Each structure stands twice: as C-alpha cells, then as structure tokens.
Amino acid sequence: MNILIVGSGGRESAFAYKIAQSPKLTNLYIAPGNAGTEQYGKNVNLKVTDFEGIAAFALSNNIEIILVGPEEPLVKGIHDYFLGREDIKHIAVIGPQQLGAQLEGSKDFSKEFMSRHNIPTAAYKSFNQSNLEEGLAYLETQKLPIVLKADGLAAGKGVLICETLDDAKSELTAMIADAKFGAASSVVVIEEFLKGIELSVFVLTDGESYKVLPSAKDYKRIGEGDTGLNTGGMGSISPVPFANQDFLTKVEDRIIKPTVEGLKKDNIPYKGFIFIGLMNVDGEPFVIEYNVRMGDPETESVLPRIESDLVDLLEGVAKGDLANRSYTVSSKTAVTVMLVSGGYPGDYESGKVISNIENVKESIVFHAGTKEVNGEVVTAGGRVIAVTTLQDDLFTALQQATADAGRIFYQGKYFRTDIGFDLI
C-alpha cells in the first residue's frame with residue numbers, strides 16, 4: 001500500500017525506517033521529511049499544516065494511510081479535514097480527530113477528562129484573566145514547589161516549576177496577564193508537584209482495543225547530570241528498568257483501560273497513538289500529561305524494539321480490527337543519544353556540514369534537523385541526529401550509543417554522554 005508520513009523530525013525518520021521494512025508497503029512518502037528520510041521513501045515538499053496540499057498529494061498518489069507525526073496538524077484538525085471531504089474520507093488518518101487531540105491541545109481539557117474517569121493525576125485548578133486574583137490567592141494555600149502549566153500548545157516550554165510563592169505569583173501573572181506564552185497561557189493550570197521518576201508509556205488504539213507499546217524514559221535537560229535548560233529531549237532508553245511488570249500492570253489497569261474506556265464514554269472517536277507521560281511516585285503511577293502522538297526521542301528507542309509489522313498494526317487501526325493483529329516486542333534494550341547544535345536550546349547556527357555518518361555500524365542513525373544542500377548533509381535545527389542502538393543489556397547499549405554519537409562530526413556538535421547511566 002502507499003503510505004504518507006507527515007512530519008520532518010527524528011520521530012518521523014524512525015517511523016520511515018520501520019514502515020520501510022513492511023512487506024505490505026508499495027510506496028512511502030514523507031512530507032516534508034529531512035536528509036535522512038530519503039533512504040526509506042520519497043520526500044514531498046509540503047508543510048504539515050497544508051491540509052489542502054496534503055489532500056491533493058494523497059489523491060494523486062493513491063495514498064491509503066496517512067501517519068501524522070507531530071501534534072500541531074492533529075490539534076488543528078487534519079483528521080476532521082479528511083473526514084469532511086467526500087473525495088478523501090476513504091483515506092485512513094492515523095491520529096485523533098480535533099476533539100480527541102484536545103487531550104494534548106488543552107491541559108484543562110485533559111485534567112477534566114482524568115478527573116471524570118478517576119484516572120490518577122496531580123491535584124489541580126485552572127485560572128484565567130477573569131479569576132486571576134483567585135489564582136494568586138489559591139497559590140498561597142498550596143505546598144511548594146508548585147507547577148504552572150499553560151493550557152495550550154507552547155512548543156514544550158509552557159510548564160514551569162516554581163520553588164517560591166513570589167516566583168509562582170509573578171509567573172502566573174506573566175502567563176495570564178502578560179501572555180508570556182501567547183494565547184497558550186490565556187488559561188493556566190496550577191498543579192500539585194509530584195516527586196518521583198518520570199517515564200512514558202505509549203498506546204496504539206483503534207478506539208475499541210489497544211496495544212501497549214514499549215515504555216521509555218527520556219532526558220529533557222541539556223546538561224550532564226540532568227542539569228540546565230529543558231530541551232525537546234536529549235536521549236531516551238527503552239525498556240525502563242524500574243517499570244517492572246507489577247508497575248506496568250497498575251498502569252494498564254488504572255490508566256490505560258480507563259483512558260480508552262473514557263474516550264468511548266465521552267463519545268470521543270480516537271484512532272492513533274496515546275503518549276502517557278507518567279510519574280512513578282513510590283511505585284504508584286500518576287499521569288503528568290497526555291500527548292496524542294508518539295514522543296521524540298522516545299520513538300527512536302521504542303520502534304526498533306517492535307518486532308511486528310508496523311504497517312499491519314496501522315492497518316488494524318484504520319480498519320478497526322487492531323485486536324486481531326499480532327504484536328511482539330524484543331527483549332533487547334534500545335538507547336538513543338541526541339546530537340544537537342551548539343547553543344541549543346538557545347540560539348544556534350544551522351548549515352554546518354555533517355560528516356562520518358557512514359562510519360556508524362552498530363547503531364541506527366535517525367536524522368532530525370538535517371537537510372541536503374549541494375549534495376552535502378547539513379544541520380537544519382536544534383536537534384540534529386538521533387543515534388540509536390539495540391543491544392542485549394542496558395550497559396552495552398549505553399556504551400555503544402555514546403561511542404557512535406562520538407563518531408559523527410559537525411561544527412558545534414554537542415551530546416550528553418550520561419544518558420541512561422543513572423539507571424545502572
């Protein structure tokens with residue numbers, strides 16, 4: 001079958017790598033893709049929010065499945081756009097419709113959903129311009145530290161952990177009154193701070209049944225020892241050693257099942273991935289957030305561990321018979337190390353020539369922020385390349401991924417050498 005992946009990052013490179021292995025695939029297209037996705041399919045110069053252009057391309061190339069990588073087109077309603085047009089509604093879109101995408105598009109919506117369906121999460125209250133004074137007074141009654149979350153999409157930057165009351169009050173005012181994150185922080189969720197270890201669990205659902213994909217842990221901060229500014233993700237590992245079967249059973253019983261059932265009860269159609277960001281608090285799982293797509297860089301660690309045909313699973317979502325599709329996961333450990341541009345997550349330069357990729361033999365190189373210029377691969381983003389290795393044990397995987405990350409060269413290259421070593 002002909003498949004179109006929408007997106008251009010490391011996540012989409014990993015999808016392309018996995019989908020290209022399927023015997024069911026005829027042609028694979030990636031819109032817009034990057035310098036690395038060309039080895040798996042054909043790049044198409046379309047923006048992820050150009051629904052009309054994507055529809056025209058899908059029609060003229062007999063696309064049967066569209067896999068949406070990033071959240072923005074989902075929150076903006078790409079699935080609804082396809083369902084709303086007679087000529088393209090037969091094309092399966094993997095990713096929720098706009099209502100379901102609110103699980104990520106609105107923190108307030110997702111917290112209300114969890115509350116309604118008794119899904120364990122941190123205590124919270126939402127505030128806006130009309131009740132800002134109430135919000136400031138509410139802060140005085142809460143334990144510190146306290147978490148402030150912009151309700152809307154803020155490119156991963158809309159979550160603040162405030163250590164002092166003064167800091168919390170000034171940040172709440174800045175977010176609501178001064179539009180610190182634009183329209184995204186017109187509503188702010190004030191949330192109890194949960195102390196524990198974070199991890200992510202991924203689910204693929206056709207709206208009725210589901211498959212639990214491998215768990216992963218990502219590393220957000222730029223500096224060694226998990227210090228410094230937050231980033232889009234500096235690396236990830238899968239599986240997560242502390243997420244044993246007992247813990248994952250709690251996650252499935254208390255979170256995954258009530259989430260899928262809750263979507264049905266609320267009449268929210270959902271075909272796609274659910275990314276559940278969790279906090280392990282003394283062995284008990286709490287939901288920090290939902291995302292409505294796969295994570296990045298977690299996808300680069302999760303997909304290489306899936307032994308089943310991903311296209312078969314996607315077809316199961318499209319046809320509503322996911323329960324009947326076979327699904328197996330490797331017992332091996334995947335480690336992903338992200339190479340970034342110097343200066344990231346602050347200002348950084350692009351256009352730096354990348355070399356020596358061909359000398360990486362024991363890992364998979366997933367391109368993220370790259371493009372081809374005059375026959376050379378150059379940097380074109382903050383996060384440039386994800387290096388993923390699959391090995392028998394965590395220690396071997398950590399050593400291999402870190403060593404292979406060191407083999408690639410470009411001016412200003414930076415990567416963390418301690419990804420996953422906190423779990424040894």
Side-chain angles (χ1 to χ4, degrees), residues 103-104 106-126 138-139 141-149 156 159-163 168 189-205 210-221 226 230 233 236-266 270 273-292 294-295 298 301-302 305 329 331 333 394 420-424:
L103 279 181
E104 178 168 0
S106 167
K107 297 284 189 294
D108 187 50
F109 177 93
S110 70
K111 293 295 277 191
E112 284 186 3
F113 176 87
M114 287 183 256
S115 175
R116 199 161 52 244
H117 299 293
N118 299 312
I119 295 164
T121 187
Y124 80 102
K125 234 174 169 183
S126 299
Y138 177 76
L139 284 172
T141 68
Q142 299 303 298
K143 282 195 303 192
L144 294 166
I146 191 89
V147 183
L148 307 184
K149 292 183 174 179
V159 178
L160 304 174
I161 298 170
C162 301
E163 302 286 346
V189 174
I190 300 177
E191 194 176 87
E192 167 196 18
F193 177 80
L194 294 176
K195 191 165 175 50
I197 312 177
E198 284 189 51
L199 73 151
S200 305
V201 170
F202 301 91
V203 177
L204 180 62
T205 180
Y210 60 85
K211 304 283 188 199
V212 182
L213 307 183
S215 63
K217 174 172 167 52
D218 81 325
Y219 292 79
K220 282 275 187 282
R221 294 188 183 273
D226 236 23
N230 263 339
S236 57
I237 60 143
S238 176
V240 183
F242 60 79
N244 57 25
Q245 196 49 56
D246 179 47
F247 179 79
L248 291 174
T249 300
K250 289 179 186 176
V251 171
E252 184 162 12
D253 290 344
R254 299 178 194 175
I255 294 166
I256 296 172
K257 284 177 183 168
T259 297
V260 175
E261 289 301 316
L263 289 166
K264 282 197 269 192
K265 281 178 192 160
D266 291 352
Y270 202 107
F273 295 96
I274 308 173
F275 162 158
I276 306 169
L278 295 171
M279 188 71 80
N280 177 352
V281 182
D282 299 325
E284 305 302 321
F286 289 81
V287 178
I288 305 168
E289 64 176 2
Y290 288 114
N291 291 316
V292 297
M294 287 294 284
E298 296 98 330
S301 294
V302 167
R305 293 190 58 225
V329 173
S331 60
T333 293
L394 179 58
F421 280 95
D422 58 315
L423 300 171
I424 292 291

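These numbers come from a predicted model, not from an experiment.
- A donor-acceptor contact shorter than 3.5 Å links the side chain of Ser238 to the backbone of Ser215.
- Two residues are said to be in side-chain contact when any heavy atoms from C-beta on lie closer than 4.5 Å; Leu103 and Tyr270 meet this criterion.
- Under the salt bridge (Lys or Arg N to Asp or Glu O under 4.0 Å) criterion, Glu289 pairs with no residue, sequence neighbours left out.
- Closest approach of Leu144 and Cys162 over heavy atoms only: CD2-O, 4.1 Å.
- The CD1 atom of Ile255 sits 6.5 Å away from the CD1 atom of Ile276 when rounded to the nearest 0.5 Å.
- In this structure, CD1 on Ile274 lies 8.5 Å from CD1 on Ile256, to the nearest 0.5 angstrom.
- Remark: side-chain polar atoms of Ser236 are not paired, donor with acceptor, to backbone N or O of Lys217 under 3.5 angstrom.
- The shortest non-hydrogen separation linking Glu191 to Ala122 is CG-CB, 3.5 Å.
- Contact check for His117 versus Glu261: no side-chain heavy atoms found under the 4.5 Å cut-off.
- The minimum heavy-atom distance between Met279 and Leu194, with the atom names listed, is CE-O, 3.4 Å.
- Residues Glu284 and Lys250 are paired through a salt bridge, judged by an N-O separation under 4.0 Å between the basic side chain and the carboxylate.
- Inter-residue side-chain proximity for Leu394 and Pro241 is flagged as met; some heavy-atom pair is nearer than 4.5 Å.
- Taking NZ from Lys195 and CG from Asn280, the interatomic distance works out to 12.5 Å, rounded to the nearest 0.5 Å.
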Using residues 196-205 as the side-chain source, report each donor-acceptor pair under 3.5 Å to any protein atom, sequence neighbours left out, with the distance given to one decimal.
unit_1	atom_1	unit_2	atom_2	d
Thr205	OG1	Gly207	N	2.9
Thr205	OG1	Ser209	O	2.8

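- Taking each heavy atom of Thr121 and Phe286 in turn, the nearest pair found is N-CD2, 3.8 Å.
- Counting only heavy atoms from C-beta outward, the side chains of Glu192 and Ile146 never approach each other to under 4.5 Å.
- The closest side-chain heavy-atom distance from Phe193 to Glu163 is not below 4.5 Å.
- Put simply, CD on Gln245 and CD on Glu252 are 8.5 Å apart, with the number rounded to the nearest 0.5 Å.
- The side-chain heavy atoms of Val147 and Ile190, taken from C-beta on, include no pair separated by under 4.5 Å.
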- Task: Let me see the working for Asp108 and Tyr124 under side-chain hydrogen bond (donor to acceptor under 3.5 Å, both in side chains), right down to the final yes or no.
- Result: CA-CA 9 Å; Asp108 187 50; Tyr124 80 102; 5.0 Å; no

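- Proximity of a side-chain donor or acceptor of Ser115 to a complementary backbone N or O of Lys111 within less than 3.5 Å is not detected.
- Here the shortest heavy-atom pairing between Phe275 and Met294 reads CD1-C, 3.9 Å.
- The structure places OG of Ser106 at 13.5 Å from OH of Tyr290, a figure rounded to the nearest 0.5 Å.
- Here Lys220 pairs with Asp218 under the salt bridge (Lys or Arg N to Asp or Glu O under 4.0 Å) rule; sequence neighbours left out.
- Contact annotation: the side chain of Phe242 approaches that of Val240 to within less than 4.5 Å [non-hydrogen atoms, C-beta and beyond].
- No donor-acceptor pair closer than 3.5 Å links the side chain of Glu104 to the backbone N or O of Asn291.
- Glu298 contributes atom CD, which lies 11.0 Å from atom CD1 of Ile237 (distance to the nearest 0.5 angstrom).
- Taking each heavy atom of Leu278 and Ile288 in turn, the nearest pair found is O-CD1, 3.4 Å.
- Under the 4.5 Å side-chain criterion, counting only non-hydrogen atoms from C-beta, Asn118 is not in contact with Arg254.
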